[in-house]
Amino acid sequence: METPQKTTPMMRQYGEIKDNYPETILFFRMGDFYEMFFEDAQAASKIMGIALTSRGDGVPMCGIPYHAYQPYLMKLIRAGKNVAICEQLEDPATAKGIVKRGVVRVVTPGTILEDEGLNSASNNFVAVLWTEKEQIFAAVADISTGQIFLEKCTPANINDITGRWKPAEVISHKEIEGLNRPVSVIDASFGTDTARRRVLEHYSAASEKSLGIDGEGYLKAIALLLTYTKNLMLDVKLKYPVTLAPENRLHLDSIAVKTLELVENSQDGSERNTLFSVLNFCRTSMGARLLKNWLRYPLRSKESILRRLEIVEYLSTQSELRGALFDALSTVYDMERITARLLAGRCSPRDLVWLKSSVVSFPKIKEMLLSAANPHLSETGETFNALEGIYSVIDAAIVDEPPLNIKEGGIIREGYDKNVDELKALRKDSRTHLLRIETEEKKKTGISTLKVKYNKVFGYYIEISKSNLDRVPEYYDRKQTLVNAERFTIPELKELETKLVYAEERLGELEYALFTQVRDTLANYSEMIRASAETVSEIDCLSSLAEAAVRNRYTRPQIGAFEEMDIREGRHPVVEKNITDNYVPNDLYLNSDDSRMAVITGPNMAGKSTYLRMTALVALMAHTGSFVPAAEAKIPLLDRIFTRVGASDNLAGGESTFMVEMTETANILHNATDKSLIILDEIGRGTSTFDGISIAWSVAEYILERLKAKTLFATHYHELTDIPSSIRGAVNLTTEVREWNDEVIFMRRVIRGTADRSYGIHVAKLAGLPDYVINRGYEVLSKLEKNEFGTDGTPKLSQSKIRQEKVVQQMLIFEDSPALDELRSMDINNMTPVEALNTLARLKKISEK
Ligand SMILES: Nc1ncnc2c1ncn2[C@@H]1O[C@H](COP(=O)(O)OP(=O)(O)O)[C@@H](O)[C@H]1O
Ligand SMILES: [Mg+2]
């Protein structure tokens, strides 16, 4: 911005501060307002929906009241802006010259701590990306909870990380090519040693090994995050990092997370109709967030999956225990976020009361865990800290319903501190004293309407109406004249006022000091609090999965290092909810031998996509430790799940171009292994038919012969049903369709075999297209079909198939004709070749009549 020339000292001060925050909206505190100027004012007023005004000298400005700034701040943050909050650093009343001002905090989308700016059931991540030796090391942190996850990827896959975590903010030490969202580049010229020192200092740890950090890139990413938060004047205390290594996680790329609609649907991005929505019975927002992360990051180690499955199984059989746990959990607040605020020195007295209410039920939870007849739960119970000490510290010091504002007083409980109690007594005494003054003065002056009153500007005064002014005594000292009354003070009142003001001030200070003492005491136990909060969220999550298992009639999957994937009567967990009574369960069988790939053909709307997604979701749920919607399911341990939905089927993405589709497919072909599950839904659709068929065919061939991944391939290209007869390892499946009274009925049952017709026009009829259009459609179709079978452009790979169908077509011509009768009566075995030729000639003649 242009620094104002020839201007007031205050605007010069503004300019100096603003110069340090060029890309940031500056909230400049002036009295009771935060003011914005110049471009800041123009941009912010629009976003906040407030009036843009201008100063006398024409400088655009806008302002918001400081005591209600939160909603405005959050509007800016949500619009992706960073905001620097600049306060008056000295009391304007006592300051000499211009008040000293300085920025006390910078708020960015990824570093909010206040509940107002956060969605309780979602994490708010900031992703820090560090490029080192052709790899990108990501530290994905939620500053509001202290969680931090480490993950690395190749530059080509960078969007997987941002796509999965959906960070509110991405920062890096340099621009990142190919990243599909903006990144803030932070100046970071530190070497490995500096990075290591910063990280170890932060964690008070001796070595990065003890923190489980493996790789200099990670060290630097964390160091960059710490530098960044420091620049924002934000005190953070991160939890130990969790490394998400491919060996122990089932990898989902961002497109799988999106197309499988795990935590956000593709219509409006909400939780409605997502896998999360059918599994979430969590009572705490911490549990809900954890569940989302479990779904985005399923497990890969059999042991850890079994642990969850065993707990879910136990809890699903114990409905009473589940109910009791849920009851106990329902009073637990967002302890993770409270703790983060506690550590940042930004928690309110109310946060402490919430923390207290949260731990009230902990002893009960501990007891329930200890007495559970499940070894995992009882072990958890043993290590679970019920935080009784935390409860007592808060309960002793803080009143039950403290005000939101820390400086208002009224925070400290009676009996906690002698000085506070004395001051409060003094305050109370003074009040009765005031009343006494009022009664006495009434008596002395004989003015019955005399009143002792208070306002902020004049303090305490005696008010006397105009009509009684003649009775005011000599020792009354006039303070103010109003239209109908005059205000006075007297020495006794003055003295009392001084005492009262002193008591108020002192009390405010003292209560604040005591509050911060309690806060700091609690902060010392933050690790303990965090550990217990983590356990509670996990229990919440597991109870939720158990509840989902019972309510949705799920069963425990078998999972292990075997080769077969065998799902009996599987259901799509979300679609089955929307189809109340006639959902058709389906079986699926794949192995690593002769059934590695299923090619699924069938008309539109017949249930192909649902079948594909059902398979991916059942496999994913099993890896999450959840029960699955199937009568029985045997799921092999997988390394990755890929899903690709062909361009025109991908309704959500506006980016439905063939190029995108092919880029995504390329990614699969580069990364899939024989332990992967690949879902291909109508790929090749975004281009011309022959191109599409050819690409789809060669992709299938590559997967079958080279990658050997388990694959479901839905296609409307009938030609691809030739794959199983040409390449070993594939089978044909189709969705069963029946015709009845000229109607087509989709049975939604997946069976072995191939679809033999396109029912597109039937579907159009079902959709209510006019009869004329439908009939004409059949006419055009039959012409097209004849044409296609006759041209040279017919793809070779489907030639045999087409020849067969040609015969079938011609047979239809004979229907109800004398030629057919003759054909039927023929005895071919006893014909000579010449006889046969003659008969053929005769038949031809008949047919031409
Ligand atoms: N197994 C099933 N049981 C009942 N209805 C189903 C089933 N599978 C799919 N459907 C219904 O059929 C509709 C179309 O399914 P979809 O999988 O999109 O078909 P396709 O991919 O073959 O065009 C779905 O929206 C759903 O309402
Ligand atoms: Mg489909």
Side-chain angles (χ1 to χ4, degrees), residues 255-256 258-261 265-267 272-275 277-278 552-554 567-589 598-619 621 628-633 642-653 656 661 664-665 678-686 692 696 711-718 720-721 732-738 743-768:
I255 297 156
K258 195 163 126 192
T259 50
L260 292 176
E261 300 183 294
N265 70 29
S266 40
Q267 285 126 46
R272 211 164 34 86
N273 287 339
T274 58
L275 178 60
S277 74
V278 298
N552 304 332
R553 296 169 296 109
Y554 295 164
I567 301 173
R568 302 287 165 86
E569 295 178 33
R571 286 124 48 204
H572 187 299
V574 178
V575 174
E576 75 162 338
K577 291 262 170 190
N578 296 330
I579 294 174
T580 35
D581 51 353
N582 48 1
Y583 188 92
V584 181
N586 272 306
D587 297 347
L588 170 119
Y589 178 82
V599 177
I600 303 152
T601 46
N604 263 328
M605 286 298 288
K608 300 185 298 298
S609 299
T610 309
Y611 180 70
L612 260 55
R613 289 178 163 95
M614 176 277 279
T615 307
L617 287 170
V618 167
M621 288 166 82
V628 298
E632 262 178 74
F642 294 98
T643 63
R644 283 308 173 276
V645 177
S648 50
D649 240 35
N650 189 0
L651 304 170
S656 35
E661 195 186 314
E664 293 174 6
T665 309
I678 305 179
I679 301 291
L680 297 172
D681 196 352
E682 309 268 12
I683 70 152
R685 224 171 152 167
T711 307
L712 292 181
F713 198 150
T715 178
H716 69 292
Y717 293 132
H718 204 261
L720 298 189
T721 53
N732 275 322
L733 298 181
T734 185
T735 46
E736 193 183 348
V737 176
R738 289 197 192 151
E743 299 287 333
V744 175
I745 303 170
F746 294 147
M747 305 307 290
R748 261 114 203 187
R749 194 179 315 284
V750 177
I751 51 173
R752 285 246 169 186
T754 61
D756 43 13
R757 275 181 72 174
S758 161
Y759 289 86
I761 297 179
H762 280 271
V763 174
K765 187 178 172 189
L766 293 182

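Note that ligands are numbered from 1 as they come in the structure, with each ligand's atoms numbered from 1 the same way. These numbers were taken from a predicted model, which means no experiment stands behind them.
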I'd like to know: is the Mg ion (ligand 2) within the 2.8 Å range of an N/O/S atom from S609, strictly under that distance? yes

Of all the atoms in ligand 1, which lie at a distance below 4.0 Å from a heavy atom belonging to G607? 8 (N), 9 (C), 15 (O), 16 (P), 17 (O), 19 (O), 20 (P), 22 (O)

Min heavy-atom dist L612 to ligand 1 below 4.0 Å: no

Could you tell me whether ligand 1 has any atom less than 4.0 Å away from a heavy atom of A714? no

Side chain to side chain contact (heavy atoms under 4.5 Å, CB included) between Y583 and V575, intermediate numbers included: CA-CA 8 Å; Y583 188 92; V575 174; 3.7 Å; yes

Given side chains that start at C-beta, do those of D587 and E569 come closer than 4.5 Å, heavy atoms only? yes

Go through ligand 1 atom by atom and flag the ones less than 4.0 Å from a non-hydrogen atom of P603. 22 (O)

Looking just at side-chain N and O atoms, do T601 and T721 make a donor-acceptor pair shorter than 3.5 Å? no

Apply salt bridge (Lys or Arg N to Asp or Glu O under 4.0 Å) to E261 and list each qualifying residue two or more places apart in sequence or on a separate chain. none

Below 3.5 Å, N or O to N or O, backbone or side chain included: is there any such pair between V584 and ligand 1? yes

Polar side-chain atom of K608 near backbone of P603 as donor-acceptor pair, under 3.5 Å: yes

Of all the atoms in ligand 1, which lie at a distance below 4.0 Å from a heavy atom belonging to N582? 4 (C)

Those atoms of ligand 1 less than 4.0 Å from some heavy atom in T610: 8 (N), 9 (C), 15 (O), 16 (P), 17 (O)

K577 side chain near N552 side chain, heavy-atom distance below 4.5 Å: yes

Short side-chain to backbone donor-acceptor contact, R571 and A631, under 3.5 Å: no

Looking only at heavy atoms, is any part of N578 under 4.0 Å from ligand 1, and if so is it the side chain, the backbone, or both, or is it neither? neither

Output yes when the distance from some N or O of ligand 1 to some N or O of M605 is under 3.5 Å, and no in every other case. yes

Does some non-hydrogen atom of A606 fall short of 4.0 Å from ligand 1? yes

Which residues pass the side-chain hydrogen bond (donor to acceptor under 3.5 Å, both in side chains) test with N732, not counting sequence neighbours? none

Output the list of atoms in ligand 1 that are nearer than 4.0 Å to some heavy atom of K608, sorted by atom number. 17 (O), 19 (O), 20 (P), 21 (O), 22 (O), 23 (O)

